[in-house]
Amino acid sequence: MANGKPRYKTYESPAGGWGATAATAKVLMQQSVLTKGSKALLSMNQPGGFKCPSCAFPDPACRKKLEFCENGAKALAFEATRYRVTREFFAAHTVSELMEKSDHWLEMQGRLTEPMRYDAASDKYVPCTWDDAFDLIGRHLRALDSPHQAEFYTSGRTPNEAAFLYSIFVREFGTNNFPDCSNMCHEPTSRGLPPSIGVGKGTVVMEDFDHAEAIFVIGQNTGTNSPRMMTNLVEARKRGVPIVAVNPMPERALVRFADPQDIVQMATFGSTEIASEFVHIRIGGDLALFKGMMKVIFERDAAGENVIDWDFINDHSTGIDAVRDEVMAQDWAEIVEISGVSEEQIRRVAEIYIRSGATMICYGMGLTQHQEGSRLLQQVANLLFLRGNFGKPGAGISPIRGHSNVQGDRTVGIDERPSQEYLDQVREVFGFEPPRDWGHHTLEAVEAMEKGTARVFIGMGGNFVRAIPDTERSYQAMRKLDLTVGITTKLNRGHLVHGKEALILPVIARSEVIRTSGGEQFVTIEDSMANVTASRGVLEPASPDLKPEVEIVCRMAMAALPDSRVPWESFIADYDRIRFKISEVYPEIYRDFNDKIRYPEGFHLDVPPRRRDWPTPSGKANFLVFPGLHVNEPVSDPGMLRLATVRSHDQFNTTIYSYNDRYRGVYNDRMVLFMNAEDRAVRGLEDGATVTLETIFDDDVKRRVPGLTVIDYPMPRGAVAGYYPELNPLLPLEYFDEISGTPAAKSIPVRIVESQAAMHRDFDV
Ligand SMILES: Nc1nc2c(c(=O)[nH]1)N[C@H]1C(S)=C(S)[C@@H](COP(=O)(O)OP(=O)(O)OC[C@H]3O[C@@H](n4cnc5c(=O)[nH]c(N)nc54)[C@H](O)[C@@H]3O)O[C@H]1N2
Ligand SMILES: Nc1nc2c(c(=O)[nH]1)N[C@H]1C(S)=C(S)[C@@H](COP(=O)(O)OP(=O)(O)OC[C@H]3O[C@@H](n4cnc5c(=O)[nH]c(N)nc54)[C@H](O)[C@@H]3O)O[C@H]1N2
Ligand SMILES: [Mo]
């Protein structure tokens with residue numbers, strides 16, 4: 001539980017500014033790392049230093065100032081914390097006792113210090129040697145009837161070198177079972193965009209912010225989840241570039257922001273208005289908005305206005321006619337009803353788009369986590385095609401990725417559906433025949449656990465059981481396994497919900513020095529805009545008994561594959577050897593990797609659509625039809641509300657830093673439900689009432705979360721929001737985007753089933 005009384009209060013100041021500076025200092029102090037943390041902050045995102053372990057937004061080599069933000073500092077402070085989880089800690093608590101503790105409490109215990117093995121007799125984790133740990137993993141993996149009985153999860157903080165070796169190890173072992181965090185995140189980008197533009201990545205780079213004439217920020221809480229991007233938005237606004245924010249929540253930083261890195265603005269208490277147009281979209285209303293905008297463009301084109309880039313359309317694209325017919329058939333009344341946006345505003349936003357000679361569309365989980373997230377993104381591409389917004393400065397599509405290396409992990413092989421060409425290349429370079437069939441994504445992995453066909457789960461980072469849907473069911477599935485392994489920096493729920501046998505293997509973190517027999521090593525990561533840079537930790541490892549992720553992968557491989565053809569041992573000492581293999585497997589993008597990575601600013605991986613080169617089957621940019629206006633199946637229940645599960649300002653995914661969400665005015669509470677006052681009133685509820693939410697879904701499972709405090713909040717009618725992961729029990733495992741397998745975590749149909757009058761609480765919203 002939180003310390004202190006829940007408090008709800010509107011945040012009046014601009015986001016960023018002194019509030020962010022104060023918060024940075026406070027978190028460093030709280031983790032008792034003021035001097036150590038401050039020293040490390042000076043190296044974060046600087047050439048020769050390490051990459052921020054928080055989000056995937058690039059850091060420009062050209063900016064001469066400190067490149068970190070409040071939330072990056074938080075991530076670092078919690079990683080560099082003075083607190084330790086030792087063998088004495090485990091001796092003092094059974095796993096059942098630890099299960100009773102909150103996620104926040106677990107996080108606050110600090111860094112893990114040595115490998116631990118679960119002992120069923122005492123229900124405790126007990127110390128074990130690294131040798132014994134690898135031995136146990138090897139034994140379990142070798143005993144399986146089929147390699148497909150193991151699931152190899154990856155979270156996006158894992159650097160390229162470890163992820164690449166992991167992908168080779170698992171394929172030599174014989175499966176493509178690579179559930180990963182991307183499956184719950186930007187998978188609609190990875191699967192939805194290739195049919196449109198030929199790549200599943202964004203097409204913009206940092207410099208594009210300087211040339212954009214309009215920027216859209218859709219379904220993304222920039223000030224919290226990629227705060228360094230605020231600097232780009234502030235600069236663009238100062239140049240007079242219109243910024244259109246599309247969001248059911250009027251996120252504070254997208255309204256007004258003071259840049260903590262801007263000394264003048266800080267000294268004068270100034271701030272910049274960010275969104276020139278705020279589109280208060282209904283949850284899942286974006287498709288209708290995009291269709292409305294396209295309709296305006298097609299109408300005006302038909303009236304003879306020069307609003308479509310016909311040169312681009314004729315030279316580079318195919319399929320516009322079918323899209324035009326479908327869009328023109330949509331009815332304005334329905335577009336307005338489903339989007340929740342007036343026709344007048346849609347026309348205004350379309351006008352901004354039409355007037356701009358170069359538009360960037362940035363988006364986050366507000367677009368991807370819907371039942372048709374992948375096809376929704378194809379409509380974003382359609383909209384961009386109409387004005388030739390690919391392959392020119394200042395224009396393009398910009399998924400804002402989550403984890404700092406989630407994009408890189410996919411590039412170097414963490415992919416449950418690898419291409420045949422890539423597999424041929426693996427065979428060529430490593431001399432074994434990799435498995436050809438698709439493996440499991442995250443939801444399929446859970447299904448295999450439920451059925452009992454999965455026997456072993458290895459988690460390379462992350463907190464699988466808290467990140468996935470249907471919490472209780474997922475816990476049960478996990479507990480059926482023979483072995484669960486958590487390769488990790490911190491203790492989390494994923495280690496407490498475990499198989500019959502279980503291991504916790506603690507790793508050296510991003511900010512820490514990696515020393516091997518070959519000397520000091522660095523790793524590499526790929527950011528959201530396809531820049532690859534080196535990351536070199538500066539702090540001493542939290543304990544002498546930690547191992548780098550690379551070594552852990554190699555030793556798991558050596559234990560599981562005694563007859564391997566891969567020289568695993570050699571990779572442990574010298575990471576250049578791994579990078580050499582990466583350049584062999586990906587000669588086009590990673591040629592001369594070891595040379596290029598030595599440039600202080602790193603290098604950019606080629607993204608063909610930037611050159612108007614389209615690696616699609618048609619060789620063109622494809623306009624794709626997605627009929628209708630619904631990204632989620634309509635639900636006919638008069639009491640239905642659409643629930644978006646979102647992040648607070650003080651969390652990193654399943655890691656809860658505190659119970660506050662400053663910009664949304666919530667303190668000491670995470671069990672809240674943001675709701676429109678009229679939706680509340682028609683249900684006969686008071687502001688501050690406590691309610692139980694229930695999922696509306698056509699199976700027999702009762703999914704309920706009680707104890708949520710209703711807060712009046714400027715949500716559109718019919719839309720509510722609350723926090724992930726607390727609300728994951730409401731998200732059915734079967735409620736996802738078919739194309740990508742991504743859970744529709746932003747649009748869960750729910751109803752209120754029980755309520756209690758408001759308790760006396762400190763309310764001022
Ligand atoms: N500090 C911090 N940084 C992070 C993370 C973190 O937890 N903490 N997580 C990292 C990860 S892995 C990721 S993926 C990113 C996530 O970053 P975001 O994409 O910003 O993630 P969310 O907070 O889940 O919510 C996104 C936004 O979508 C809006 N939204 C909900 N439904 C809809 C809709 O139907 N339409 C539109 N247009 N908007 C909608 C919500 O109001 C919210 O503002 O951030 C990364 N960076
Ligand atoms: N309802 C709902 N569910 C969601 C989402 C949502 O918006 N709503 N978002 C989804 C998204 S976008 C994502 S990306 C997933 C996140 O899913 P995950 O990536 O699995 O979760 P994290 O909370 O980021 O993982 C945190 C853990 O990673 C470990 N860790 C931290 N640093 C390191 C490191 O350097 N090395 C190693 N080996 N381990 C490390 C620590 O033990 C820490 O506890 O959750 C998804 N689930
Ligand atoms: Mo994510």
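Note: hydrogens, waters and symmetry copies are ignored here, and every other heavy atom, side chains too, is used. A quick note: this is a predicted structure, and the numbers were derived from the prediction, not measured.
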Report the residues that fulfil side-chain contact (heavy atoms from CB on, under 4.5 Å) with Arg436, sequence neighbours left out, ordered by chain and then residue number. Gln420, Leu423, Asp424, Arg427, Glu433, Pro434
Could I get the full list of ring pair (Phe, Tyr, Trp, His ring centres under 6.0 Å) partners for Phe385, not counting sequence neighbours? Phe390, Phe623
Report yes if some heavy atom in the side chain of Ser583 is under 4.5 Å from a heavy atom in the side chain of Asn594; otherwise report no. no
Nearest non-hydrogen partners of Arg401 and Ser528, listed with the distance: N-OG, 2.9 Å
Mind listing the side-chain donor-acceptor pairs of residues 586-593 below 3.5 Å, one per line with the distance, residues two or more places apart or on another chain?
{"residue": "Tyr586", "atom": "OH", "partner": "Thr411", "partner atom": "O", "Å": "3.1"}
{"residue": "Tyr586", "atom": "OH", "partner": "Val412", "partner atom": "O", "Å": "3.4"}
{"residue": "Tyr586", "atom": "OH", "partner": "Gly413", "partner atom": "N", "Å": "3.3"}

What I'd like to find out is whether the side chain of Cys554 reaches to under 4.5 Å of the side chain of Phe169, using heavy atoms alone. no
Check whether Thr453 reaches the backbone of Ala448 with its side chain - one donor and one acceptor, N or O, closer than 3.5 Å. yes
If you round to the nearest 0.5 Å, how far is CZ of Arg410 from OG of Ser182? 4.5 Å
Would you say OH of Tyr422 has more than 12 non-hydrogen atoms from neighbouring residues, nucleotides or ligands within 6.0 angstrom? yes
Polar side-chain atom of Glu549 near backbone of Pro159 as donor-acceptor pair, under 3.5 Å: no
By ring pair (Phe, Tyr, Trp, His ring centres under 6.0 Å), which residues pair with Phe50, not counting sequence neighbours? none
Tell me whether the guanidinium CZ or amine NZ of Arg612 lies under 6.0 angstrom from the six-membered ring centre of Phe312 and within 45° of its axis. no
Will you find, in the side chains of Asn176 and Asp437, an N or O donor that is under 3.5 Å from an N or O acceptor? no
With a 3.5 Å distance limit and no angle check, can you tell me whether Asn405 reaches the backbone of Ile525 through a side-chain donor-acceptor pair? no
Main-chain N/O of Phe457 paired to Thr484 side chain as donor or acceptor, under 3.5 Å: no
Working note: Glu444 + Lys451, criterion salt bridge (Lys or Arg N to Asp or Glu O under 4.0 Å); need CA distance, chi angles, decisive distance, verdict. CA-CA 10 Å; Glu444 290 160 343; Lys451 281 199 301 217; over 6 Å; no
Between Arg139 and Glu501, is there a side-chain N and carboxylate O pair less than 4.0 Å apart? no
Separation between CZ (Phe522) and CG (Asp576), nearest 0.5 Å, reads 5.5 Å
Give me the atom names and distance for the closest heavy-atom approach of Ala573 to Ser517. CB-OG, 3.4 Å
Keeping Lys201 on the side-chain end and Pro399 on the backbone end, is there a donor-acceptor pair under 3.5 Å? no
Ion pair Arg375/Asp737, N-O distance below 4.0 Å: no
Would you call Asp409 and Met460 a side-chain contact if the rule is heavy atoms closer than 4.5 Å? no
With rounding to the nearest 0.5 Å, note down the distance linking CG in Asp415 to OG in Ser167. 9.5 Å
From Leu165 atom CG to Ile578 atom CD1, the distance as rounded to the nearest 0.5 Å: 4.5 Å
Could you measure the distance from the CE atom of Met184 to the CE atom of Met365? Nearest 0.5 Å is fine. 11.0 Å
Describe, in one word, how the ring planes of Phe652 and His403 are oriented to each other, choosing from parallel (under 30°), tilted (30 to 60°) and perpendicular (over 60°). tilted
Tightest non-hydrogen contact, residues Ile514 and Tyr575, listed as CG2-OH, 3.6 Å
Restricting to non-hydrogen atoms, name the atom on Leu193 and the atom on Ile397 that form the minimum distance, rounded to 0.1 Å. CD2-CD1, 3.9 Å
Between Val513 and Ile508, what is the shortest heavy-atom contact and its length? O-CG2, 3.8 Å
Ion pair check, Glu416 and Arg191, cut-off under 4.0 Å: yes
Quick check: do Val170 and Thr175 have side-chain heavy atoms less than 4.5 Å from each other? yes
Is there a donor-acceptor pair under 3.5 Å between the side chain of Asn232 and the backbone N or O of Phe209? no
Sorted by first residue and then second, give each side chain to side chain donor-acceptor pair (under 3.5 Å) pair with at least one member in residues 538-548; sequence neighbours left out. Trp130-Asp545, Arg515-Glu540, Lys547-Glu551
Given side chains that start at C-beta, do those of Leu505 and Ile137 come closer than 4.5 Å, heavy atoms only? yes
Tell me whether Arg228 is salt-bridged to Asp527, with the criterion being a basic N under 4.0 Å from an acidic carboxylate O. no
Sub-4.5 Å side-chain heavy-atom contact between Val205 and His604: yes
Just wondering, more than 12 heavy atoms not from Glu569 lying within 6.0 Å of its CD? no
Check ring pair (Phe, Tyr, Trp, His ring centres under 6.0 Å) between Phe164 and all other residues, then give those that pass, not counting sequence neighbours. none
Check Glu151 against His440 and note the closest heavy-atom contact, atom names and distance. OE2-ND1, 2.6 Å
Sequence neighbours excluded, which residues qualify as ring pair (Phe, Tyr, Trp, His ring centres under 6.0 Å) partners of His148? none
Reported OG-to-CD1 distance for the pair Ser317 and Ile197, which is rounded to 0.5 angstrom: 13.5 Å
Polar side-chain atom of Ser740 near backbone of Glu187 as donor-acceptor pair, under 3.5 Å: no
Side-chain heavy-atom pair Ile168, Val426 within 4.5 angstrom cut-off: yes
Looking just at side-chain N and O atoms, do Arg510 and Ser404 make a donor-acceptor pair shorter than 3.5 Å? yes
Side chain to side chain donor-acceptor pair (under 3.5 Å) against Gln220, all qualifying residues, sequence neighbours excluded: Thr222, Ser226
Please check this pair: side chain of Asn622 against backbone of Leu624, looking for a donor-acceptor N/O pair closer than 3.5 Å. no
Asp613: which residues meet the side chain to side chain donor-acceptor pair (under 3.5 Å) condition with it, sequence neighbours left out? Arg611
Partners of Glu114 by salt bridge (charged side-chain N to carboxylate O under 4.0 Å, His left out), sequence neighbours excluded? Arg87
Mind checking whether Phe571 and Lys581 have side chains closer than 4.5 Å, heavy atoms only? yes
Among residues at least two apart in sequence or on other chains, which ones pass salt bridge (charged side-chain N to carboxylate O under 4.0 Å, His left out) with Glu172? none
Run the salt bridge (charged side-chain N to carboxylate O under 4.0 Å, His left out) test against Asp482 and tell me which residues pass, sequence neighbours left out. Arg455, Lys500
Please check: side-chain N/O of His495 versus main-chain N/O of Asn492, any donor-acceptor pairing under 3.5 Å? yes
For Gln369 and Thr742, which I'm curious about, is there any donor-acceptor pair between the side chains at under 3.5 Å? no
Arg157 side-chain N/O to Gly461 backbone N/O, donor-acceptor pair under 3.5 Å: no
What about Tyr363 and His186, are their ring centers closer than 6.0 Å? yes
